[in-house]
Structure formats: structure tokens, C-alpha cells
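Just so it is clear, the model here is predicted, and its values are computed rather than measured.
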Amino acid sequence: MIRIYTFTYAGDAQEAVACVRCARTALPEAVVTVVDDSAAPVPPEARRALVAHGARYRRSSFPRCGNLRGPECVRGIIATLAGGGGGWRHRRQD
């Protein structure tokens with residue numbers, strides 16, 4: 001199974017939607033997960049578009065350190081990719 005993770009935040013909301021749309025077109029069988037920054041989440045309309053394109057949406061609370069930099073951020077990314085949910089906030093998304 002192919003898994004694709006996209007880490008995003010409010011400033012890249014439209015790019016994240018485009019990324020998910022392209023990933024779903026190129027690899028329709030892939031599991032696409034968008035990991036949003038809880039400190040600066042994408043707007044609700046972008047979240048709805050991500051989910052409408054078939055992505056799983058999750059918010060993370062690990063420090064992004066400006067642009068996914070630094071040891072704390074790396075630990076958060078590794079925990080996310082390993083499925084440990086490092087710093088994830090699980091929320092029901094309607």
C-alpha cells in the first residue's frame with residue numbers, strides 16, 4: 001500500500017489541495033494523509049476540499065519551528081510517519 005503524507009499549514013492551503021488532487025489522480029489507490037499545523041490550520045473550506053478529494057485530515061501539535069526544522073519537529077514527523085501520532089490531535093471532521 002502506498003501512503004502519502006503532506007504536511008501543511010494555513011499559508012499553503014491551496015497548494016495542499018492541489019497536491020492532494022494530483023496525488024489522487026496519479027495514484028488513486030494511495031492513502032493520502034494531510035497533516036495540518038494546529039498552530040496555523042488551513043481554513044475550513046480548504047479542509048473540506050482536502051477531504052472531498054479523498055484525503056485523511058489530521059492536525060498535529062508538534063512544533064513546526066518555522067518550516068519543519070529542528071529536532072523536535074523531526075521527532076514529530078517521524079512519529080507521524082511511524083503511526084505513533086506524535087502530537088496528533090484527533091478530531092472528528094464533518
Does Val32 share a hydrophobic cluster with Val42, counting links as ILVMFWY side-chain heavy atoms below 4.5 Å and allowing steps through other members?
yes
Got a second to check how far Cys22's SG is from His53's NE2, nearest 0.5 Å?
9.5 Å
Determine whether a donor-acceptor pair (N or O, by modelled atom type, separation under 3.5 Å) exists between the side chain of Arg64 and the backbone of Thr8.
yes
Applying side chain to side chain contact (heavy atoms under 4.5 Å, CB included), can you list everything that pairs with Glu72, at least two apart in sequence or on another chain?
Pro63, Arg75
Could you tell me the separation between the OG atom of Ser38 and the CZ atom of Arg58, rounded to the nearest 0.5 Å?
14.5 Å
With distance as the sole test, does Ser60 use its side chain to make a donor-acceptor pair with the main-chain N or O of Asp37 at under 3.5 Å?
no
Validation row: Val31, Arg56 side chains within 4.5 angstrom (heavy atoms)
yes
Of Thr80, Thr6, Ile77, the residue whose pairing with Val35 passes side-chain contact (heavy atoms from CB on, under 4.5 Å)
Thr80
Has Arg24 got a side-chain atom pairing as donor or acceptor with Pro28's backbone, closer than 3.5 angstrom?
yes
So if I apply the side-chain contact (heavy atoms from CB on, under 4.5 Å) rule between Leu50 and each of Val17, Asp36, Thr33, which one comes out positive?
Val17
Can you tell me how far the CZ atom of Phe62 sits from the CD1 atom of Ile78, to the nearest 0.5 Å?
10.5 Å
